[in-house]
Amino acid sequence: MAGRQRSYSLKEAIEMVCLPDGALSETESISDDEIGDPDFVEPAEAYESDFSLDDDETLGAIAIPNPNTLDVEIHNVHADNYIEVPDDDEPQPGPAPVNKVFSWRQRKPPAADIDPSFQGPAFSPPPDEIPSPKWYFDQFMDESVFELISDQSNLYAVMKNGPELKTTPSEMEQFIGLHILMTVVRMPSYRMYWQTTTRYNPIATVMGRKRFDNLRTYIHMNDNTNVKQKGEPGYDPLFKVRPVLEKVRANCLKVEPEENNSIDEQMIPFKGKIGMKQYIKNKPKKWGIKVFTRAGVTGLVYDFEVYTGKGTVPNERGLGVAGEVVLRLVSDVPKGLNYKCFFDNWFTSPELIVELKKMGILSVATINRNRLRGCTLKSDKELSKAGRGAYEVKYEMTSGMAIVKWYDNKAVLLASSFIGPDPVDRCRRWSKEKKEYVEVDRPHIVKVYNNNMGGVDLADMFAALYRIELRPRRWYLRILYYLIDLSLVNGWLLYRRHLTQKQEKKYMPLLDFRAQVADALIKVGKRANLNSRKRGRPSSEEAPECSQAATSSPPGQRIIAPSVEVRLDRFDHFPIHADKRGRCRVCKNGYTQMACLKCKVLLCFTKDKNCFLDYHTKK
């Protein structure tokens, strides 16, 4: 129906779908004839953002979205439907201005001739010697973070009339280290690490359970006396975690970015009562706090922004909330150096791609067909008759932007400011009719998008492997745990980058990396345990523990050496007499009965050699 505009009431709109910030990928499809009509007027609802249900709305009020979605093998072609709970009373922004001067042609304009093979600046050379895992962790969560948390926790305990906490940055490092170690050795309940039948000494001997509980109760990251209530000037929904959030984000921005960056959403799992909670049906963790993230192809996160609801991102350039998110996340990317950005159809509009190109940042993205701004392409039926692999391309004459419609299982649209369909290659696809794989033509823009879009999902996967899951009721602790996991994953990926620069293929697995960071946080600069027994009268069910048990391992069991940072911290390393004589850790040929109290390894100390000194001073 050419030129016809269909409008819906508010009730009908809610029953159809709940859209995040103007996402249109799963609304009722608009026919190709309507889009191709020059008199077709796009409805204002296309740009309305932050639509959400009231507090008393139930999930039953949300209808199942139209299942007629794109079924192609392209990463992250999705629309994230969500519910914002609860919603505030701010008015929704009006429709963004639509650029009416786009001129589309089939021939390629000179503005589209950009050499995509040009490489951006190379990374700085890696350190001469690869540092320890804790050094990489400190690049993102440094000592100032632990000092801030310890100071604010002591203040919060006094404000709550609780016991005098007297915690220190060193103890807070141990506290965070225990959380990380609990992700390596998991138990159904964290209290089981201290129980008699399931006691785990590497955790139980570091800190008592009551002390651990006290720190969990009073851990805090900001001064509550400065908090602003909702409606007051300067109100910040993330006030409780803002200082740590900004410190970690600033450290992420210091890392040199990769040439190809992707922008997508992450979820911090949380089902508690909080206004910024979101529901995104296509995420593994559907309920939680949404984070807009920019990451490289390797999964290393360079920038992020927590979504707090309306007002998170002001619509300054008239590109809608989704477009403004992209511009904010790429604001620190070097301009004019051929850096590229990839995102999905939730963010994309032709105006955004043109704006990024003006800033000196190239982009590739999927796009909804009701955002084509008058670009007429063949209908799905015409392309389907041509067979799988058929495509059509149109160019915008002023900016050189290319829009490619490719038919695989179904039609998909992609837009780019620097690349088009050429050169076309072949890819394998499963044929339901022939019951075998077939070769299908694939435009180059599809290949480039698939190869570079999954960075945020990769970062999310790495974090989910060993996520801290103690499930506190306080939402700001969930964000703190997210920042810890982010720092660990980023540190590990930066460590792998340095190894790649040195052309070394073997690297430490993420699990071992986390274990070494936890061990360093727990032990570096901390006192050794003079006695591993619990305080108080021993229980009749407990077997007595020997303080030197670690220095006399069972037959056939190897003594695990401490990390480099622990043995070189020059703190609390004292010689003790081991229960059994054994081989020296350093010289290998000598036998001794002397061990280090902190490192729990056997070391020689004789007239002719001092392996004890060498072990604690030389790398």
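Quick caveat, the model's predicted, so the values are computed rather than measured. Both backbone and side-chain heavy atoms feed into the values below; hydrogens, waters and symmetry mates do not.
Between Tyr495 and Met508, some side-chain heavy-atom pair lies under the 4.5 Å cut-off. Counting heavy atoms from C-beta on, the side chains of Met267 and Ile280 come closer than 4.5 Å. Looking at heavy atoms from C-beta onward, Phe239 lies out of side-chain contact with Lys228 at the 4.5 angstrom threshold. Leu486 is not listed as a side-chain neighbour of Met141, based on a closest heavy-atom distance of 4.5 Å or more. Counting only heavy atoms from C-beta outward, the side chains of Asn368 and Arg371 approach each other to under 4.5 Å. In this structure the side chain of Arg211 reaches within 4.5 angstrom of the side chain of Leu215, judged on heavy atoms. The closest side-chain heavy-atom distance from Asn261 to Lys340 is not below 4.5 Å.
Of the possible polar contacts, one joining the Lys335 side chain to the Val333 backbone as a donor-acceptor pair under 3.5 Å is found. Judged by distance alone, the side chain of Thr348 and the main-chain N or O of Ala365 form no donor-acceptor pair under 3.5 Å. Although no hydrogens or angles enter the test, the distance criterion places a donor-acceptor pair under 3.5 Å between the side chain of Gln174 and the main chain of Ile522. Judged purely by atom type and a 3.5 angstrom limit, Lys523 has no side-chain atom pairing as donor or acceptor with the backbone of Leu521. Not a single donor-acceptor pair under 3.5 Å links the side chain of Gln278 to the backbone N or O of Ile289. A donor-acceptor pair under 3.5 Å is absent between the side-chain atoms of Glu173 and the main chain of Pro169, judged by distance alone. At least one donor-acceptor pair closer than 3.5 Å links the side chain of Lys277 to the backbone N or O of Gly272. Remark: side-chain polar atoms of Asn260 are not paired, donor with acceptor, to backbone N or O of Asn452 under 3.5 angstrom.
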Would you be so kind as to tabulate the donor-acceptor pairs closer than 3.5 Å made by side chains of residues 462-477, with sequence neighbours excluded?
residue : atom : partner : partner atom : Å
Arg474  : NH1  : Arg216  : O            : 3.2
Arg474  : NH1  : Thr217  : O            : 3.0
Arg474  : NH2  : Arg216  : O            : 2.4

Identify each donor-acceptor pair in which a side-chain atom of residues 318-332 lies under 3.5 Å from a protein atom, sequence neighbours left out, and give them as a table.
residue : atom : partner : partner atom : Å
Glu324  : OE1  : Arg317  : NH1          : 3.1
Glu324  : OE2  : Glu316  : N            : 3.3
Glu324  : OE2  : Arg317  : N            : 2.7
Arg328  : NE   : Glu305  : OE1          : 3.2
Arg328  : NE   : Glu305  : OE2          : 3.4
Arg328  : NH2  : Glu305  : OE2          : 2.8
Ser331  : OG   : Arg328  : O            : 2.7

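Atoms CD and CZ, from Glu259 and Phe123 in turn, are 9.0 Å apart once rounded to the nearest 0.5 Å. Note that the CG atom of Leu356 and the OG atom of Ser363 stand 5.0 Å from one another [nearest 0.5 Å]. In this structure, the separation between CD1 on Ile176 and CG on Leu480 is 5.5 Å, given to the nearest 0.5 Å. In this structure, CZ in Phe270 is found 6.5 Å from CZ in Arg478, a value given to the nearest 0.5 Å. In this structure, OH in Tyr156 is found 10.5 Å from CE in Met221, a value given to the nearest 0.5 Å. Between the CG atom in Asn214 and the CE atom in Met207 there is a gap of 10.5 Å [rounded to 0.5 Å].
For the pair Ile361 and Ser417, the tightest heavy-atom approach, listed with the atom from each and the gap, is O-OG, 4.5 Å. Across every non-hydrogen atom of Lys134 and Val517, the tightest pair is N-CG2, 4.1 Å. The minimum heavy-atom distance between Ser150 and Thr167, with the atom names listed, is O-CG2, 3.7 Å. When all heavy atoms of Pro257 and Pro334 are compared, the pair lying nearest together is CG-CD, 4.0 Å. The two residues Arg209 and Trp194 come nearest to each other via the heavy atoms N-NE1, 3.4 Å. Ala459 and Gly299 make their closest contact through CB-O, 3.0 Å (heavy atoms, listed as atom of the first residue, atom of the second, distance).
Of the N and O atoms on the side chains of Thr298 and Glu258, at least one donor lies less than 3.5 Å from an acceptor on the other residue. There is a side-chain donor-acceptor pair under 3.5 Å between Ser124 and Glu256. A side-chain N or O of Asp213 and one of Tyr190 form a donor-acceptor pair less than 3.5 Å apart. For the residue pair Asp264/Ser262, the side-chain donor-acceptor check at 3.5 Å is not satisfied.
Outside the 6.0 Å centre-distance limit, the rings of Tyr507 and His498 are not counted as a close aromatic pair.
Screening Ile484, Leu483, Val255, Val145 against Phe140 for a side chain to side chain contact (heavy atoms under 4.5 Å, CB included) leaves a single residue, Val255.
Around the CD atom of Glu232, the shell of radius 6.0 Å holds more than 12 heavy atoms that belong to other residues, nucleotides or ligands.
A salt bridge links Arg242 to Asp236: one of the charged nitrogens lies within less than 4.0 Å of a carboxylate oxygen. Using a 4.0 Å cut-off between charged nitrogen and carboxylate oxygen, Asp485 and Arg514 count as a salt-bridge pair. In summary, Lys247 and Asp142 do not engage in a salt bridge, as defined by a charged side-chain N under 4.0 Å from a carboxylate O.
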- [ ] Go through Phe304 and Phe292 one step at a time and tell me if the ring-ring contact (aromatic ring centres under 6.0 Å, His included) criterion holds.
- [x] CA-CA 5 Å; Phe304 58 89; Phe292 295 113; over 10 Å; no
- [ ] Just do the side-chain contact (heavy atoms from CB on, under 4.5 Å) check on Ile479 and Leu238 with the steps written out, would you?
- [x] CA-CA 10 Å; Ile479 296 182; Leu238 297 172; 3.8 Å; yes
- [ ] Just do the side-chain contact (heavy atoms from CB on, under 4.5 Å) check on Tyr136 and Leu488 with the steps written out, would you?
- [x] CA-CA 8 Å; Tyr136 286 101; Leu488 287 164; over 6 Å; no
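Taking the ring centre of Tyr302 as origin, the terminal cationic atom of Arg294 falls outside the region bounded by 6.0 Å and 45° from the ring axis. For the pair Arg199 and Tyr193, the cation-pi criterion (under 6.0 Å, within 45° of the ring axis) is not fulfilled.
Shown here are the side-chain hydrogen bond (donor to acceptor under 3.5 Å, both in side chains) partners of Thr293, two or more places apart in sequence or in another chain: Gln266.
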